[in-house]
Amino acid sequence: MRVRRTRYRTLSSFIRGSLRALNARRDWRRLSSRVRRSFRHDDDQKAVHHSLNSFWIDDPVSQYLQRSPDQLDLSLGLFLLSRESYPADSYELYRDALRKMAVDLKLAISKARNARERVQCMNDFIFGKQSFQASDARDTESLLAHLLLPEVLRRKQGHCLGLSCLYLVLARLIKLPIVGVAAPGHFFCRYEQGEERFNIEMTLKGIEWSDSTYAERYGLSDEAVQKGIYLRSLGDLEVLVEVLNNRGNYFWKRGRQDEAARDIGRATKVSKDFARGYAGKGFMALCRGQMATAVLELGRAAEIDPWSARAMLHLGEALLEFGKVDRAVAALKQAVNLDGDQSFAWSMLGRALSQQGNLDAAQDAHEQAVSLEPDSCLAWNNYGVFLASRQDLEAAVNAFIQAIERSPDFPTAAVNLAKLYNHNLLVDFEWVIQETIDGYEQQIKRKPADNRSYLCLSRFYYELASNDERALALAEKAWALCQDAGSCEMLALLTFRRQEYALSRNWAVQGLSRFPAARTRRRLRSLLTRIDQLMQLVYDH
């Protein structure tokens, strides 16, 4: 007893010193005290000891995820994740709420005679007595709160993964053999002990669904299920990985790219066969213009899950950008074979087949894309590019007009129309050019603080080569509103056209140094090479 007390005193002294260094003494002292009390009374003392050690580093979540499965406490891991997004969360209140619920729940199931009755009692307790409910899928503003367990507890509302985390933590506390299960874009729980095995659907108050129902609902192939990519029982570490992946996707959709990369990187680091994580990393690299990384990560995803239409689609897109046309065609054909209803996949296949020289098949793919999604500005734009390459100029112009009408602020179609008009002198469509310019001018009047409209119209004028003064003024305004890669590239291009080579070079160098992950990087490098060659010629003469 004296040895154990001495160890506690040593640990407590170390905690106080660490907290002073972290400048977070009061809140972390309550947390460490709570965990120490758990250490005295928990059967798994070794696990709590290792959990406590993870607090004394700069990144407690990453360190915690490195623990072996038998050293993980799911409730503590979920709290650490939540604390990163909601620093005001109190561990003491969170832990007390869970333990109180566990005591009441244990009493509620005490008279149940078998597994199904125990689970039904648990459903009645959580969804009935405690009034927890599934969140509205349309409520995207509260999506993060409905994912992270402390906030789910506070709001009594969560989406499928958030409610599943609550269910799993309570099951651990009352020692019920319940595990988590993943499907594409969905998560639920499963009772599993010996030959007793049945699923528990969180969004419908715990009703039982069969594996075949999930497979049919989410379009899962027999091979993907048999390989264990989906519908297999997950351990606690894999549940934390699912939370990280969901939060990473949430951050990415809101433009918080660094946080998204952090979370999805953590997920793939601890789960080497997590195909969706590699697909997410690859997609982020693709959007940033890092094609070599995109091909590598998406290739890993496709290797793990060759039945993922999304992974195959983005792999094909990355391979096409990387110049590997034949491999891109193979990947995109696989994508449309897996999911033939994706307009974007057919459109990308059309682009790849066109570059491969298979023009008739490319036309069929583009026509399939616009027929599947007639309102897709991207499908119409890609079809227009293809038609222009075949010198079917009138049809190409009409395709670009279709794209612009469906999305007036979609700059690519307008720029392509300007190129077509400028290079082929299509006088009959001059009214379209003027109408497009008027549309962008109206956008600028409606949203004078939005740099995108200024930038789009600047690029449109640049491609027309009709009003460089106006184009430069618009690019300068766009840069003043938001110093991004697109505005920087536009200023470099316009000053180059005006033969202001030193100024153009400064813009290109600034773009390369400030925006290392932008898609404009390759074009800026090319421009910089041209500038240096011209400046060298001037110097030589």
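Position 1 is the first residue of the sequence, and the numbers go up from there.
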Do the side chains of Lys227 and Asp305 get close enough for a salt bridge, i.e. N-O under 4.0 angstrom?
no
A cation-pi test, strictly: NZ or CZ of Arg83 under 6.0 Å from the centre of the six-membered ring of Tyr91 and no more than 45 degrees from its axis. Yes or no?
no
Quick one: NE2 on His146 to CG on Asp136, what's the gap to the nearest 0.5 Å?
9.5 Å
Would you sort out whether Ser75 and Arg95 count as a side chain to side chain donor-acceptor pair (under 3.5 Å), showing the intermediate values?
CA-CA 8 Å; Ser75 66; Arg95 190 70 173 177; 2.5 Å; yes
Side-chain donor or acceptor of Ser271 paired with backbone N/O of Thr268 under 3.5 Å
no
Classify the angle between the aromatic ring planes of Tyr218 and His186 as parallel (below 30°), tilted (30 to 60°) or perpendicular (above 60°).
parallel
Test log, rule side chain to side chain donor-acceptor pair (under 3.5 Å), inputs Glu201 and Thr203:
CA-CA 6 Å; Glu201 174 52 43; Thr203 61; 2.5 Å; yes
Going by heavy atoms in the side chains, are Leu349 and Trp346 under 4.5 Å from each other?
yes
CG of Leu332 to CG of Leu353: how many Å apart, nearest 0.5 Å?
8.0 Å
In Å, rounded to the nearest 0.5 Å, how long is the span from CZ of Arg530 to OH of Tyr501?
9.0 Å
Quick test of your reading of the model: are Arg498 and Asp468 salt-bridged, counting only N-O distances below 4.0 Å?
no
Any side-chain heavy-atom pair from Leu338 and Gln334 closer than 4.5 angstrom?
yes
Close side-chain approach of Asp236 and Pro69, heavy atoms under 4.5 Å
no
Here's a test for you: under ring pair (Phe, Tyr, Trp, His ring centres under 6.0 Å), which of Phe188, Phe187, Tyr230 qualifies with Tyr214?
Phe188
For the residue pair Ala388 and Ala396, what are the closest heavy atoms and their distance?
N-CB, 3.6 Å
If I compare all heavy atoms of Lys272 with all of Tyr278, which pair ends up nearest, and what's the gap?
O-CE1, 3.2 Å
With Arg262, which residues qualify under salt bridge (Lys or Arg N to Asp or Glu O under 4.0 Å), at least two apart?
Glu84
Between Gln342 and Arg310, a side-chain donor and acceptor under 3.5 Å:
no
Indicate yes or no: at least one non-hydrogen side-chain atom of Asp73 is less than 4.5 angstrom from one of Tyr64.
yes
If only atom types and distance count, is the side chain of Asn245 paired as donor or acceptor with the main-chain N or O of Val241 below 3.5 Å?
no
May I ask you to check whether over 12 heavy atoms, not counting those of Arg232, lie within 6.0 Å of atom CZ?
yes
Scanning both residues in full, the closest heavy-atom pair of Ala294 with Ala318 reads CB-CB, 3.9 Å
Short N-O contact, Glu259 and Arg254, less than 4.0 angstrom:
no
May I ask you to check whether over 12 heavy atoms, not counting those of Glu303, lie within 6.0 Å of atom CD?
no
Decide, yes or no, whether a salt bridge links Glu242 with Arg276 under the criterion of side-chain N to carboxylate O below 4.0 Å.
yes
What orientation do Phe283 and His314 show, parallel under 30°, tilted 30 to 60°, or perpendicular over 60°?
tilted
Exam field: side chain Trp252 to backbone Arg247, donor-acceptor pair closer than 3.5 Å
no
Check the surroundings of atom CG in Asp258: do more than 12 heavy atoms from other residues, nucleotides or ligands lie under 6.0 Å from it?
no
Main chain of Asp484, side chain of Ser487: is a donor-acceptor contact present, judged purely on distance under 3.5 Å?
no
Run the numbers on Glu441 and Arg470 for salt bridge (charged side-chain N to carboxylate O under 4.0 Å, His left out), then give the verdict.
CA-CA 12 Å; Glu441 293 286 9; Arg470 177 63 173 151; 3.1 Å; yes
Would you give the length of the straight line joining atom OH of Tyr440 to atom CG of Leu455, rounded to the nearest 0.5 angstrom?
9.5 Å
If you look at every heavy atom in Gly384 and Phe400, which pair is closest and at what distance?
C-CZ, 3.5 Å
Would you indicate whether the side-chain heavy atoms of Cys165 and Val239 approach each other to under 4.5 Å?
yes
Residue pairs passing the salt bridge (charged side-chain N to carboxylate O under 4.0 Å, His left out) test where at least one lies in residues 145-168, sequence neighbours excluded:
Glu151-Arg154, Glu151-Arg155
Criterion side chain to side chain donor-acceptor pair (under 3.5 Å) on Ser453 and Gln443, from CA distance to verdict
CA-CA 6 Å; Ser453 297; Gln443 285 186 50; 3.2 Å; yes
Minimum heavy-atom distance Ala475-Leu494, with the two atoms named:
CB-CD1, 4.0 Å
Tyr454 side chain to Pro448 main-chain N or O, any donor-acceptor pair under 3.5 Å?
yes
Under the 3.5 angstrom rule, does the side chain of Tyr250 hit a backbone N or O of Ala260 as a donor-acceptor pair?
no
Which heavy atom of Ser504 sits nearest a heavy atom of Ala492, and at what distance?
OG-O, 2.7 Å
Ignoring hydrogens and geometry beyond distance, is a side-chain donor-acceptor pair present between Arg406 and Ser376 at under 3.5 Å?
no
For Ser85 and Ser82, indicate whether the former's side chain and the latter's backbone hold a donor-acceptor pair under 3.5 Å.
no
For the residue pair Val329 and Leu320, establish whether any side-chain heavy-atom pair is separated by less than 4.5 Å.
no
